[in-house]
Number of protein chains: 2
Amino acid sequence: MADTTVSKVSDTPRTSVGRDGVLNVAARLFREQGYGAVSLRKIAEAAGIKASSIYYHFGSKDEIVAAVLDAGIEAVHESMRQAIAVLPTDTGAEAALRAAIGAHLRALLEVSDYSSANVRIFGQVPQSVRDANLPTRRAYEAEWDALLSRLQKNGALQRDVDIRRLRLMLIGALNATLEWFDPDRGSAEALSRTYADVFLNGILER
Amino acid sequence: MADTTVSKVSDTPRTSVGRDGVLNVAARLFREQGYGAVSLRKIAEAAGIKASSIYYHFGSKDEIVAAVLDAGIEAVHESMRQAIAVLPTDTGAEAALRAAIGAHLRALLEVSDYSSANVRIFGQVPQSVRDANLPTRRAYEAEWDALLSRLQKNGALQRDVDIRRLRLMLIGALNATLEWFDPDRGSAEALSRTYADVFLNGILER
DNA sequence: GTCTATAAATGGATAGAC
DNA sequence: GTCTATCCATTTATAGAC
């Protein structure tokens with residue numbers, strides 16, 4: 001590979017991959033191949049370094065995975081928080097829910113290797129790694145519960161549905177799109193509209 | 001372990017685990033721990049034999065996994081087919097959909113280690129194994145598409161929803177329950193009713 | 001049908017040079 | 001921050017005895 005970079009005063013050597021470089025590659029490979037199929041050698045090769053060099057940045061494979069999982073929740077959480085915060089104060093319940101669904105789905109399907117990697121491999125990593133990710137998850141779940149509870153108190157949602165169960169159904173359904181979503185068959189934006197339609201109004205003709 | 005079996009004229013030696021014994025253990029372990037975390041040694045130990053003995057029944061680990069995946073789809077397919085077949089001929093669209101949802105969910109959450117293992121590990125196995133499972137999957141998907149199309153032609157479902165997408169949303173949402181379902185918080189039967197309610201009528205107060 | 005023994009490959013991880 | 005070299009555990013799979 002020829003050196004195409006021009007001289008800079010930057011302190012960071014251009015040959016350095018760095019912690020973030022390793023993490024970005026790891027997130028992509030975990031999303032594509034799953035936890036068990038991705039070895040440190042694979043990550044290193046894709047990042048353009050040797051496997052042993054990874055241990056300068058991380059203490060173990062699980063430390064890498066843990067960092068990817070946390071960043072994945074943070075990304076989708078931030079996406080949702082932003083989508084809600086930007087709404088006018090007089091926004092109705094239906095529009096707020098649509099915004100949250102769209103934010104979650106876009107983060108998952110378009111924006112973040114970290115978020116999609118999280119959904120894809122969470123069930124595959126060792127228990128200790130899952131446990132380490134739980135606090136971050138709980139915070140995101142609380143954000144959803146707060147939104148749903150607010151809508152229910154407003155009278156927009158049926159009063160007999162259990163918030164926790166509704167959140168599990170909703171996020172579970174959205175995350176499942178990762179297994180079959182194909183951008184050639186329609187955008188994430190269009191898909192999020194369909195999901196909102198179904199969850200809000202159902203599929204029965206009326 | 002003491003031998004508690006009485007003498008029988010059976011041809012099958014009581015000390016033999018057999019192909020089915022290996023397969024049953026494998027399905028359970030795959031469901032519990034995922035594909036990558038389950039080695040042939042683990043399967044063998046849980047079955048009470050040595051790892052090398054497995055090769056008398058199967059040619060490779062992937063052959064075991066492939067058998068588990070196929071049996072998993074067969075089980076849930078049969079569960080749904082049966083639930084539909086048993087309905088009176090004058091059953092309405094809503095009740096038919098509820099029956100299918102219930103059958104899928106019960107097979108997944110209560111009946112079959114094979115079905116739950118399929119959902120859990122399909123995304124973790126090598127591409128060749130996934131490909132081998134595809135024909136069986138397609139047949140089950142076709143069953144759902146046939147049901148949904150029939151309901152749509154009857155005018156029970158909205159005419160503008162895409163059948164394939166609806167099936168992917170529905171099955172994806174149901175399969176996702178595997179990650180959080182807890183029988184102590186409510187039966188699979190009750191959960192299937194909630195899912196049917198949401199998909200049929202939505203969650204908005206009206 | 002199951003065993004012991006072992007081959008061959010691959011995994012995570014460490015030591016020390018540059 | 002990255003390298004080479006290496007260790008050690010574990011994996012899938014095979015050979016041949018019982």
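In what follows, every chain begins at residue 1, and chains take the letters A, B, ... in the order their sequences are listed.
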Given atom CZ of B/Arg19 and atom P of C/dT2, what is their separation to the nearest angstrom? 13 Å

Heavy-atom donor-acceptor pair, B/Arg167 side chain to B/Ala142 backbone, under 3.5 Å: no

Stepwise, does the side-chain contact (heavy atoms from CB on, under 4.5 Å) test hold for A/Gln82 with A/Glu78? CA-CA 6 Å; A/Gln82 187 66 21; A/Glu78 185 51 34; 3.9 Å; yes

Identify, with sequence neighbours excluded, every residue that meets salt bridge (Lys or Arg N to Asp or Glu O under 4.0 Å) alongside A/Arg41. none

Restricting to side chain to side chain contact (heavy atoms under 4.5 Å, CB included), what partner residues turn up for A/Val161, sequence neighbours left out? A/Gln152, A/Gln158, A/Leu166

Could you tell me the separation between the CD1 atom of A/Ile54 and the P atom of C/dA13, rounded to a whole number of Å? 10 Å

To the nearest 10°, let me know how far the axis at one end of the helix from C/dG1-D/dC18 to C/dC18-D/dG1 is tilted from the axis at the other, five pairs an end. 10°

Listed partners of A/Arg31 passing salt bridge (Lys or Arg N to Asp or Glu O under 4.0 Å), at least two apart: A/Asp113

A/Phe58 CZ - D/dT2 C1' separation (whole Å): 15 Å

Just by distance, do the side chain of B/Glu143 and the backbone of B/Ala139 share a donor-acceptor pair under 3.5 Å? no

Specify the separation, in whole Å, of atom OH of A/Tyr56 and atom P of C/dA13. 19 Å

Give, ordered by number, those residues of residues 23-34 of chain B having at least one heavy-atom distance below 4.0 Å to an atom of DNA chain D; if nothing qualifies, reply none. none

Applied to residues 19-28 of chain B, the salt bridge (charged side-chain N to carboxylate O under 4.0 Å, His left out) test, sequence neighbours excluded, yields B/Arg28-B/Glu32

Excluding sequence neighbours, so at least two apart, what forms side chain to side chain contact (heavy atoms under 4.5 Å, CB included) with B/Pro88? B/Asp90, B/Thr91

Let me know the distance between CD of B/Glu45 and P of C/dC3, rounded to the nearest Å. 12 Å

Determine, for nucleotides 11-18 of chain D in 5'-to-3' order, which nucleotides have protein heavy atoms under 4.0 Å from the base (write B), from only the sugar-phosphate (write S), or from neither (write -). BBBB----

Taken in chain and number order and not counting sequence neighbours, the residues that satisfy ring-ring contact (aromatic ring centres under 6.0 Å, His included) with A/His77 are A/Tyr140

Where along residues 121-133 of chain B does a heavy atom come under 4.0 Å from DNA chain C, residue by residue in number order? none

Got a sec, which pairs hit side-chain hydrogen bond (donor to acceptor under 3.5 Å, both in side chains) with one end in residues 183-192 of chain B, sequence neighbours left out? B/Arg106-B/Glu189

State, with a plain yes or no, whether a side-chain heavy atom of A/Leu40 is found less than 4.5 Å away from one of A/Ile64. yes

Once ring-ring contact (aromatic ring centres under 6.0 Å, His included) is applied, what residue pairs with a partner in residues 20-64 of chain B remain, sequence neighbours excluded? none

Checking B/Val25 against B/Val17 for the side-chain contact (heavy atoms from CB on, under 4.5 Å) test, could you report, in this order, the C-alpha distance in whole Å, the side-chain angles of both residues, the deciding distance, and whether it holds? CA-CA 10 Å; B/Val25 167; B/Val17 172; over 6 Å; no

